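Quick notes on the structure that follows.
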Amino acid sequence: MDEDAVMTGTTLQVPEAPVIVAYEEPTSSAAPPSREFKDIQVKVHVRRPERDSWVYLGRALVSQEFMGQSSRVVVRSISSGKVLVVFGEVSDLQAEKRGNFVVIGCIEGGSVVSWSLNALNNSETLRLLASVELACYRCSLAVIDPRTHSKIRRRIERTIKEDRRRRHKRRKDHDAMIDAFSRQNLDEDVESIS
């Protein structure tokens, strides 16, 4: 009676053919790895220092431009082609996602200018946030001097937080003043009628 090799517990040895791997030099017609960045269409709002309301600037295209090892994010108006703002490695900013908006708080001369970029959908918003963060991240400083890098990041966060606190306090005081004024007019009207 013949027994199968599997049934007896022995392994079956199969000779393998040698594999030949050939490495070829890339031909000159092959393109180098591309750093293509598909432009993102956004709606742009800006809030200037000492202002509490957003101002609509129009539609714009966000593109990422590479210069050597660094890059920058350029926001260019669709209608005029004018550059509205440029974010790069030298920009002191903090970017955060709020729904389909990317809100960028940028410190300019001790005051905060806020830019709101409204993308079409969530994936475009995430791409936009990632491109801003990557373009503005100070890679060399983080590697050379991490302590200074973290101090700068904390200073930026603190400045933006203080600006937000002042803006909210200003809005609260403004609302309280309107309420007080409206009550005063009501009291005077009641006295004149009596």
Side-chain angles (χ1 to χ4, degrees), residues 31-168 170-171:
S34 175
R35 287 177 145 184
E36 289 279 328
F37 178 81
K38 184 180 154 204
D39 292 346
I40 301 172
Q41 187 174 352
V42 295
K43 293 177 186 171
V44 181
H45 293 78
V46 65
R47 184 175 53 218
R48 301 278 180 203
E50 303 303 321
R51 301 282 180 176
D52 293 337
S53 58
W54 292 94
V55 177
Y56 178 68
L57 297 181
R59 292 183 179 272
L61 282 178
V62 177
S63 59
Q64 191 167 10
E65 298 176 355
F66 293 94
M67 300 163 299
Q69 294 296 326
S70 64
S71 66
R72 65 183 190 165
V73 174
V74 179
V75 180
R76 189 172 278 117
S77 172
I78 290 178
S79 60
S80 66
K82 177 183 167 190
V83 174
L84 299 175
V85 66
V86 176
F87 303 114
E89 196 172 332
V90 296
S91 304
D92 288 337
L93 61 83
Q94 180 182 23
E96 58 185 329
K97 179 181 180 289
R98 296 181 189 165
N100 280 351
F101 291 86
V102 173
V103 178
I104 303 168
C106 189
I107 299 173
E108 294 178 2
S111 58
V112 178
V113 178
S114 296
W115 294 88
S116 172
L117 307 177
N118 182 8
L120 298 175
N121 55 40
N122 191 48
S123 64
E124 297 284 302
T125 305
L126 291 173
R127 280 186 51 229
L128 180 60
L129 180 63
S131 64
V132 169
E133 285 288 336
L134 289 172
C136 300
Y137 189 74
R138 297 180 177 169
C139 301
S140 57
L141 184 61
V143 172
I144 295 170
D145 191 2
R147 180 176 288 164
T148 303
H149 176 73
S150 61
K151 283 171 72 174
I152 289 172
R153 296 298 303 169
R154 282 195 304 270
R155 181 182 54 83
I156 292 169
E157 290 170 6
R158 186 175 58 245
T159 304
I160 291 172
K161 189 181 285 186
E162 288 172 2
D163 178 71
R164 183 179 295 139
R165 184 182 49 78
R166 281 194 307 266
R167 199 172 57 249
H168 287 209
R170 214 172 31 243
R171 190 177 302 146

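When reading the values below, keep in mind they use all heavy atoms of this one structure, side chains included, and skip hydrogens, waters and symmetry mates. Remember, predicted model here, so these are calculated numbers, not experimental data.
With sequence neighbours excluded, the residues satisfying side-chain hydrogen bond (donor to acceptor under 3.5 Å, both in side chains) with S79 are S77. Remark: R170 engages E50, D52 in a side-chain hydrogen bond (donor to acceptor under 3.5 Å, both in side chains) (not counting sequence neighbours). In this view, E96 and R98, R164 satisfy the salt bridge (Lys or Arg N to Asp or Glu O under 4.0 Å) rule, not counting sequence neighbours. Under the rule for a side-chain hydrogen bond (donor to acceptor under 3.5 Å, both in side chains), the partners of S114 that lie at least two apart in sequence or sit in another chain are R47. Residues passing the side-chain hydrogen bond (donor to acceptor under 3.5 Å, both in side chains) test with N100: none are found, sequence neighbours excluded.
Shortest non-hydrogen contact noted between R76 and G81 is CG-O, 3.1 Å. In terms of heavy atoms, V102 sits closest to A95 at CG1-CB, 4.5 Å. For the residue pair R72 and A135, the shortest heavy atom distance occurs at CA-CB, 4.1 Å.
Remark: of the listed residues V73, V44, V103, V44 is the sole one forming a side chain to side chain contact (heavy atoms under 4.5 Å, CB included) with L117.
Here the straight-line distance linking atom OG1 of T125 with atom CG of N118 works out to 7.0 Å at 0.5 Å rounding. With values rounded to the nearest 0.5 angstrom, E157 atom CD is found 12.0 Å from E162 atom CD. Within the model, atoms CG of L93 and CZ of F87 stand 6.5 Å from one another, a figure rounded to the nearest 0.5 Å. Rounded to the nearest 0.5 Å, atoms CG (L61) and CG (D39) are 5.0 Å apart. Between the CG atom of L84 and the CH2 atom of W115 there is a distance of 6.0 Å, given to the nearest 0.5 Å.
Each salt bridge (Lys or Arg N to Asp or Glu O under 4.0 Å) pair with one or both residues in residues 100-124, not counting sequence neighbours, appears once here: E124-R127.
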* Asked: What's the verdict on side chain to side chain contact (heavy atoms under 4.5 Å, CB included) for R48 and V55, showing C-alpha distance, side-chain angles and the deciding distance?
  -> CA-CA 9 Å; R48 301 278 180 203; V55 177; over 6 Å; no

* To do: Decide yes or no on side chain to side chain contact (heavy atoms under 4.5 Å, CB included) for D92 and R155, but give the supporting numbers first.
  => CA-CA 9 Å; D92 288 337; R155 181 182 54 83; 3.6 Å; yes

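Within 6.0 Å of atom NZ in K43, 12 or fewer heavy atoms from other residues, nucleotides or ligands are found, so the atom counts as exposed in its surroundings.
At distances below 3.5 Å, at least one donor-acceptor pair connects side-chain atoms of K97 with backbone N or O atoms of G99.
Between Y56 and H45, the ring planes are tilted. Angles from 30° to 60° get that label.
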